[in-house]
Amino acid sequence: MNNFKNLRGTVDLLPDQLIKWQNVEKIIVEQLLRSSVKEIRTPILEMTELFLRGIGEGTDVVSKEMYTFLDRGDRSCSLRPEGTASVARALIQNGISTKPFQKLWYMGPMFRYERPQAGRQRQFHQLGVEFVGYESFRSDVEIITLAWDILEKLGIKELNLEINTLGDNTDRSNFQKAFLKWLEVNKNSLDLDSQKRIEKNPLRILDTKNVQTKKILEDAPRLVDFLSDKSLKRYLNIKEQLKLLKIPYVENFHLVRGLDYYTHTAFEITSGSLGSQATVCGGGRYDNLISLMGGTETPAIGFAIGLERLIILSGNKLGESRETDIYIVNKGIHAEKLAMDLSRKLRNYDLIAELDLSGASFSKQFKKANKLKSKSIIVIGDDEAFKNQFIIRLFNNDNSENKEETISIEDNIKLEKWVKSNLLLHKNL
RNA sequence: GCGGGCGUCGCCAAGUGGUUAAGGCAGCGGCUUGUGGCGCCGCUAUUCGGGGGUUCGAAUCCCCUCGCUCGCCCCA
């Protein structure tokens, strides 16, 4: 096989699949618009250092999953593995202090060098939303609600929202001390992976999938018990407001997001029908990130939704394309000229008008129209062209008799009338 | 990076050592060169992911390799 193939973990999205993507994206963007969230676009390529500092060198994402290379000027560059760091960078660089409150979204490809599997690719797509400058617990609730509503608007069912709090820096370091003490005592009962994490990232041990370790962890100290009054109050407020909004959630004390910059609220939305990569949305508060990256201290919260996983979950209804409204069968030198002009006229009525360019026999062109399930058809051949007219008729799929009408080329009024009564009436506007 | 499953036409597949690689869908052409569906007829893999080996003989057995897929790790 000497043909070219796409790179591992990447896919071609073909026209048929893109209908669903476009519909999903449209619904998302509309909901964002209604929530007055504004779009931001940052480069896909950034200097590697940005991600090292923004995401954390110790994380798997950065330490073993980045697409990193030297450019021709020997600068180390990386394809973005996620969007938050870039957005933070862009805001700092463009003067965050002049616009301290911003609700932003972005959508686009991300890159992570991993083994592909169901719902996971090396190039994948995320919708990210970041509320920057917002500190109140109500911004946490609003952003969780936004994620929830987007998924609901897409008609996705059987979703589980899990929430947790990581407290502020002081809470967390108090907890960590106690937790480390406990870990020391119980070290030998833990699985190997978890043992390694004691040094590297002890919080992540809470997140283990090892059944044995999970059981042992039931007796470990809990982070909630180390929250300051203020942090606790914050968390309780969020839960209360979610209840008020009737958004069902489950508390999960073991929910610890993988990236270093999170504080307070962490949340995740999962679906059982996704296989082992069940998370469709992950997010949380990151009050430390922007100052950590050299900006003025700015609280922020955000989430990311994996579009591939969203597509898997979205119903088939979103995959249906708009049918051809009118197919123009045309043959003969003069007729073909008139037909092309006609096709433009029809598109001005916001119709999907397809002009047959094959020059094939009438029979062939009719078959094509039928295959496309075109709602109507125009026929223009030498006979019609000679009389400066064309034939138009509805084109039912059951092949029943359909009345046809002859319209003169110049008779725009008659054409418009026909189009309005036969095609535009049925359109959902 | 580590484990399991799988690779035969654009898609779904039969074939499991003996020579013509079924069949279905899609596609193309014809019956019908100015009229749709259905039907009928015909065409479409010198080759079974790639390389090497065993054998008189390989899609079928062995080795290597590549790819896909599912899971682990991690995450969206």
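The analysis underlying the following values was restricted to heavy atoms, covering all of them including side chains, and did not include hydrogens, waters or symmetry mates. Because the structure is a prediction, the values reported are computed rather than measured.
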Can you tell me which nucleotide in [options] comes closest to the side chain of [X]?
X	options	answer
A/Phe366	B/C75, B/G36, B/U69	B/G36
A/Ala118	B/A76, B/C70, B/G34	B/C70
A/Pro116	B/U69, B/A76, B/U35	B/U69
A/Ser361	B/A76, B/G36, B/U33	B/U33
A/Arg309	B/G36, B/C75, B/U35	B/C75

Only counting residues at least two apart or in another chain, list the ones meeting side-chain hydrogen bond (donor to acceptor under 3.5 Å, both in side chains) with A/Tyr235.
-> A/Glu251
When you check the phosphate oxygens OP1 and OP2 of [N], does a side-chain N or O of [X] lie under 4.0 Å from one of them?
X	N	result
A/Lys371	B/G27	yes
A/Lys364	B/G30	yes
A/Gln117	B/G71	yes
A/Arg204	B/C75	yes
A/Arg8	B/C68	yes

What's the gap between [N] and [M] when it is taken at their [atom1] atoms, as a whole Å value?
N	M	atom1	result
B/G17	B/G53	C1'	15 Å
B/A21	B/U44	P	14 Å
B/G27	B/A45	C1'	15 Å

Please confirm whether any donor atom in the side chain of [X] sits under 3.5 Å from an acceptor in the base of [N], or the reverse.
X	N	value
A/Arg393	B/G36	yes
A/Gln121	B/A76	no
A/Glu65	B/G1	no

Do A/Ser139 and A/Arg285 have a side chain donor and acceptor closer than 3.5 Å?
-> yes
So what does A/Gly128 hit on the nucleic acid, given a heavy-atom distance under 4.0 Å: a base, only sugar-phosphate, or nothing?
-> nothing
Assign A/Ala369 to base, sugar-phosphate, or nothing according to its heavy-atom contacts below 4.0 angstrom with the strands shown.
-> nothing
When the nearest nucleotide of RNA chain B is assigned to A/Val379 and to A/Cys281 on a heavy-atom basis, which residue is associated with the more 5' position?
-> A/Val379
With RNA chain B as reference, determine whether A/Arg115 or A/Gly282 sits nearer its 5' end, using the nearest nucleotide of each.
-> A/Arg115
Flag side-chain contact, heavy atom, 4.5 Å: A/Phe395 against A/Lys375 | no
Got A/Glu30 and A/Lys153 here, is their nearest side-chain heavy-atom distance under 4.5 Å?
-> no
Decide if the gap between the ring center of A/Phe101 and the ring center of A/Tyr134 is smaller than 6.0 angstrom.
-> yes
